[in-house]
There are 2 protein chains.
Amino acid sequence: MTTEEIILSSARKVFRSKGLEGARMQEIADEAGINKALLHYYFRSKEKLFEKIFIEAFADLLPAVRVSLNQVENLSQFLTFFISRYFDLITELPYLPQFILQEINRNPDLMRKVTGNNELPIAQVKMLIHRDVERGLIRPIEAEQLMVNTIALIIFPFAARPIVQSLIFDNDQAAFENFLSHRKEVITRFVLDAIKPQNSL
Amino acid sequence: MTTEEIILSSARKVFRSKGLEGARMQEIADEAGINKALLHYYFRSKEKLFEKIFIEAFADLLPAVRVSLNQVENLSQFLTFFISRYFDLITELPYLPQFILQEINRNPDLMRKVTGNNELPIAQVKMLIHRDVERGLIRPIEAEQLMVNTIALIIFPFAARPIVQSLIFDNDQAAFENFLSHRKEVITRFVLDAIKPQNSL
DNA sequence: GTCTATATGCAGATAGAC
DNA sequence: GTCTATCTGCATATAGAC
């Protein structure tokens with residue numbers, strides 16, 4: 001592992017949990033076992049280092065959509081794949097949603113830096129939804145609403161973890177983890193039931 | 001309006017949009033048309049001033065649940081009331097969700113300060129859900145999952161506004177506002193359809 | 001490339017006049 | 001109560017030796 005990689009790894013850890021403003025160069029240096037000067041030698045400034053970490057974090061979440069679209073025949077299948085993949089991904093990276101929400105809200109201009117070369121197949125998903133609505137395979141719903149609903153259900157408990165854990169589970173951590181452990185199946189069923197046409201049994 | 005009220009109003013504005021770490025005492029003073037020293041005269045420290053604003057912000061979101069529970073016969077009715085009230089509330093205060101998520105994640109201890117005297121009727125809602133599941137009025141679902149789902153659907157587009165606006169709506173602000181304008185009805189229907197028993201038409 | 005030492009700037013907080 | 005001026009500490013960033 002080169003020094004640069006060690007720095008990036010340490011910066012990743014610190015920035016993801018504290019954000020740009022909460023992070024300290026000193027803490028990143030300590031985490032990497034080097035001193036502050038070396039951080040600047042490699043990345044010039046805190047902002048530049050942060051930007052690298054942020055773009056990478058955002059990119060980490062995007063591939064889930066692409067992969068799912070390939071081996072899929074209809075919308076229900078896509079949603080099942082997508083929820084499964086995306087939920088697993090975020091389970092591995094539970095800090096990411098809140099990190100990204102926080103930084104994008106602080107500086108919406110960051111969106112420009114991450115969308116450039118990452119053309120998501122949003123349009124295809126919209127078409128898939130429209131098609132299945134037309135065919136009567138699902139209840140009528142706007143594509144955008146369904147997409148936002150699905151992502152909201154996946155991300156929210158991670159982004160709002162301390163609140164959910166406290167208000168809903170009275171700080172019973174085991175109960176919260178049990179809740180998360182079968183949430184993937186719950187969400188999948190919830191979404192599919194919500195869009196299932198009324199005359200199907 | 002007393003000086004103290006002017007300060008609180010200015011602090012509210014600055015803290016809600018920038019958070020504790022992003023806010024500057026100077027900016028709050030400018031906003032209030034006074035100088036920094038006076039902020040400390042009234043509230044001793046930035047943290048103390050912030051805490052007042054945060055507790056108040058959290059409290060702003062809580063009454064929605066209580067009111068809804070009173071004039072309600074069954075779960076579907078409760079959900080309809082709750083979604084409507086809560087969605088309207090957040091439409092008026094769109095900064096609050098992300099503000100609260102950010103600060104609670106930065107310092108989860110803040111939860112202790114807001115839950116003390118604000119006993120929410122979470123237990124009653126859970127019982128209401130269980131009861132209607134038992135009676136077969138809705139599909140089987142854990143109370144906690146349904147509660148989290150409902151809140152997620154309401155809050156997410158506000159907390160993630162810049163991302164949704166960019167990725168889903170390609171920065172077409174009018175399209176996004178149109179999306180929000182009938183989202184309340186969409187969510188209500190989405191949730192009710194998801195829990196509707198299979199044999200009902 | 002990596003370090004120690006230092007410069008620079010800024011933000012929170014205080015002292016003290018009015 | 002409100003102000004100006006100042007202190008203090010800290011965080012980013014740089015200079016310069018090795």
Side-chain angles (χ1 to χ4, degrees), chain A residues 1-57 95 98-99 102-107 109-110 113, chain B residues 1-57 95 98-100 102-110 113:
Chain A
M1 226 179 170
T2 68
T3 303
E4 184 168 341
E5 288 166 340
I6 294 173
I7 292 176
L8 281 173
S9 165
S10 307
R12 202 172 292 132
K13 188 169 168 185
V14 176
F15 277 134
R16 285 188 183 190
S17 68
K18 311 219 169 158
L20 170 65
E21 286 165 345
R24 295 289 165 254
M25 295 296 265
Q26 184 63 59
E27 188 178 355
I28 296 173
D30 292 348
E31 181 77 30
I34 57 169
N35 57 46
K36 287 185 292 177
L38 214 46
L39 298 180
H40 288 93
Y41 173 79
Y42 277 95
F43 296 95
R44 281 193 58 88
S45 75
K46 184 186 184 185
E47 287 254 5
K48 288 213 193 325
L49 177 54
F50 169 79
E51 208 168 279
K52 269 213 154 31
I53 299 300
F54 181 82
I55 290 173
E56 166 203 287
Y95 279 111
Q98 173 53 23
F99 172 62
Q102 176 173 332
E103 298 305 325
I104 287 286
N105 271 286
R106 183 183 55 75
N107 177 16
D109 268 8
L110 283 170
K113 315 209 173 190
Chain B
M1 227 177 167
T2 68
T3 303
E4 184 168 341
E5 288 167 338
I6 293 174
I7 292 176
L8 282 172
S9 165
S10 307
R12 201 172 291 131
K13 187 168 169 186
V14 176
F15 277 132
R16 286 188 181 189
S17 69
K18 311 218 168 157
L20 170 65
E21 286 164 345
R24 296 289 165 253
M25 293 297 264
Q26 185 63 59
E27 189 179 354
I28 296 174
D30 291 348
E31 181 76 32
I34 56 168
N35 57 48
K36 285 188 293 177
L38 214 46
L39 298 180
H40 289 92
Y41 173 79
Y42 277 95
F43 297 94
R44 281 193 58 87
S45 75
K46 184 186 184 184
E47 286 255 3
K48 288 213 193 324
L49 177 55
F50 168 79
E51 208 168 279
K52 267 212 157 29
I53 299 300
F54 181 81
I55 290 173
E56 167 203 285
Y95 278 112
Q98 172 55 21
F99 172 62
I100 290 172
Q102 175 172 333
E103 298 305 325
I104 286 286
N105 272 286
R106 182 184 56 76
N107 175 17
D109 268 9
L110 282 171
K113 315 210 175 192

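All values below come from the heavy atoms of this structure, side chains included, with hydrogens, waters and symmetry mates left out. A, B, ... follow the sequence lines: proteins, then strands. Residue 1 opens every chain. This one's a predicted model, so the numbers in the text were calculated from it and none came from an experiment.
- No salt bridge links B/Glu51 with B/Lys48; every basic N to acidic carboxylate O contact stays at or beyond 4.0 Å.
- Distances from the side chain of A/Ser45 to the nucleotides C/dG1, C/dG12, D/dA13 place D/dA13 closest.
- B/Lys46 and B/Glu21 make their closest contact through NZ-O, 4.3 Å (heavy atoms, listed as atom of the first residue, atom of the second, distance).
- Between B/Leu38 atom CG and D/dT4 atom C1' there is a gap of 13 Å when expressed in whole angstrom units.
- A heavy-atom distance below 4.5 Å is not found between the side chains of B/Phe15 and B/Glu103.
- Nucleotide C/dT2 holds its C1' atom 10 Å from the CD1 atom of A/Ile7, rounded to whole Å.
- Contact annotation: A/His40 side-chain N/O to D/dT14 OP1/OP2 distance is not under 4.0 Å.
- The stretch residues 12-36 of chain B touches DNA chain C through B/Ala23, B/Arg24, B/Met25, B/Lys36, each having a heavy atom under 4.0 angstrom from the strand.
- Rounded to a whole Å, the CZ atom of A/Phe43 is 16 Å from the C1' atom of D/dT12.
- Atom OH in A/Tyr41 sits about 5 Å away from atom C1' in C/dG1, given to the nearest Å.
- Within the 4.0 angstrom heavy-atom criterion, only backbone atoms of the sugar-phosphate kind lie near A/Tyr42; the bases stay farther away.
- Ionic pairing of B/Arg16 and B/Glu56 is present here: one or more N-O contacts between side-chain nitrogen and carboxylate oxygen are shorter than 4.0 angstrom.
- Between B/Phe43 and B/Leu8, the closest side-chain pair of non-hydrogen atoms falls below 4.5 Å.
- Side-chain polar atoms of B/Gln26 and B/Asp30 form a donor-acceptor pair below 3.5 angstrom.
- When distances run from any side-chain atom of A/Lys46 to the nucleotides C/dC3, D/dT12, C/dA13, the shortest one goes to D/dT12.
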